[in-house]
Amino acid sequence: MTPDPMPADPRKAGLRWQLRAATGPLHAEADALGSAHDLGSAAGHAAFLRAHARALPGLEAAIGAALGEAAWLDWPARRRLPALQADLAALGEAAPAPLPVALPGADRQAAALGAAYVMEGSRLGNAMLRRGLPAAAPAAYLAHQPAGAASGWPGFLAGLEAALPDPARWPAAEAGARLAFEVFLAALRSEAPAAPA
């Protein structure tokens, strides 16, 4: 008689864990490409910001259009494009043309929430990357945090779970999360540092 398999950890149930599992390889690739930029140099910092400036406008606009005025999310306060544009201007860089973004599927709200999961999660990575910036470097984008206790990562996750309690809608959220990573990956590849000779 074989023993029963270990039960799933009940603390790792829910949409956030589903999204994390569905996007793990994409997340790892985005982390590798993003951290390849030398943020300690002005050129590396500028390339990193240009890559994000290709991805961010379309994603922020698509999420905002699909979610409208979801009070718990306060999407306008979460938008980072003005901070990103300010940092690019401080470095004397023009914003590149943004990549087009169209949310997948018929359940645009769920797809937008999946994409927002990626966007909000990237704040955690940005906080880590900010440590590599010289003290005088522009950091409005990497430091951006929306105001309010519910605006942090735990508050976002609680709102996400409450907004999509039906697992039947989770595949649409997964598709939106994958799209967000794919847009960032395309943008990061366009500004990838040259490999050493």
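Since the structure is predicted, the reported quantities are computational estimates derived from the model, not experimental observations. Sequence positions, counted from 1, serve as the residue numbers for this chain. Values reported hereafter were calculated over all heavy atoms of this structure, with side chains retained and with hydrogens, waters and symmetry mates removed.
Judged by distance alone, the side chain of Glu60 and the main-chain N or O of Arg80 form a donor-acceptor pair under 3.5 Å. One N or O on the side chain of Trp170 and one on the backbone of Leu164 form a donor-acceptor pair closer than 3.5 Å. Panel note: side chain Glu161, backbone Arg16; a donor-acceptor pair is recorded below 3.5 Å. Side-chain atoms of Thr23 do not come within 3.5 Å of backbone N or O of Leu26 as any donor-acceptor pair. Without hydrogens or angle criteria, Asp87 side chain to Ala140 main chain gives a donor-acceptor distance under 3.5 Å. When atom types are taken as modelled, the side chain of Arg130 and the backbone of Ala139 share no donor-acceptor pair closer than 3.5 angstrom. A donor-acceptor pair is defined here as one N or O able to donate and one able to accept, closer than 3.5 Å; no such pair exists between the side chain of Arg169 and the backbone of Asp107.
Note that NE2 of His27 is 12.5 Å distant from CG of Leu19, once rounded to the nearest 0.5 Å. Taken to the nearest 0.5 Å, the CE atom of Met119 stands 13.0 Å off from the CG atom of Leu113. Separating the NE2 atom in His37 from the CG atom in Leu188 is a distance of 5.5 Å, to the nearest 0.5 Å. Atom-to-atom distance recorded for Met128:CE and Asp31:CG is 10.0 Å, nearest 0.5 angstrom. Here the CZ atom belonging to Phe48 is positioned 11.0 Å from the CG atom belonging to Leu88, to the nearest 0.5 angstrom. Distance check, rounded to the nearest 0.5 Å: CG of Leu142 to CG of Leu133 gives 5.5 Å.
Residues Arg189 and Glu29 form a side-chain contact, since some pair of their non-hydrogen atoms from C-beta on lies under 4.5 Å apart.
Across all their heavy atoms, Pro96 and Arg54 have their closest contact at CB-NH1, 3.4 Å. Between Ala51 and Ala187, the shortest heavy-atom contact is O-CB, 3.0 Å. Annotation for Ala162 and Pro165: closest pair O-CD, 3.3 Å, computed over non-hydrogen atoms. Residue His52 comes nearest to Tyr141 through the heavy atom pair ND1-OH, 2.6 Å, listed as atom of the first residue, atom of the second, then distance. Nearest heavy-atom pair across Ala180 and Leu59 is CA-CD2, 3.9 Å. Scanning all heavy atoms of the two residues, the minimum distance from Ala111 to Pro104 falls at CB-O, 3.7 Å.
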**Asked** Can you list the steps and then say if Arg178 with Glu174 is a salt bridge (charged side-chain N to carboxylate O under 4.0 Å, His left out)?
**Response** CA-CA 6 Å; Arg178 281 191 299 274; Glu174 289 176 23; 3.6 Å; yes
**Message:** The test is salt bridge (charged side-chain N to carboxylate O under 4.0 Å, His left out); show your working for Glu120 and Arg78 and say whether it passes.
**Reply:** CA-CA 8 Å; Glu120 290 303 299; Arg78 293 177 184 276; 2.6 Å; yes
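Note: the hydrophobic cluster containing Leu56 also contains Leu124 (ILVMFWY, side chain heavy atoms under 4.5 Å, direct or indirect links).
Ring orientation note: the planes of Trp153 and Tyr117 are tilted relative to one another, at an angle of 30° to 60°.
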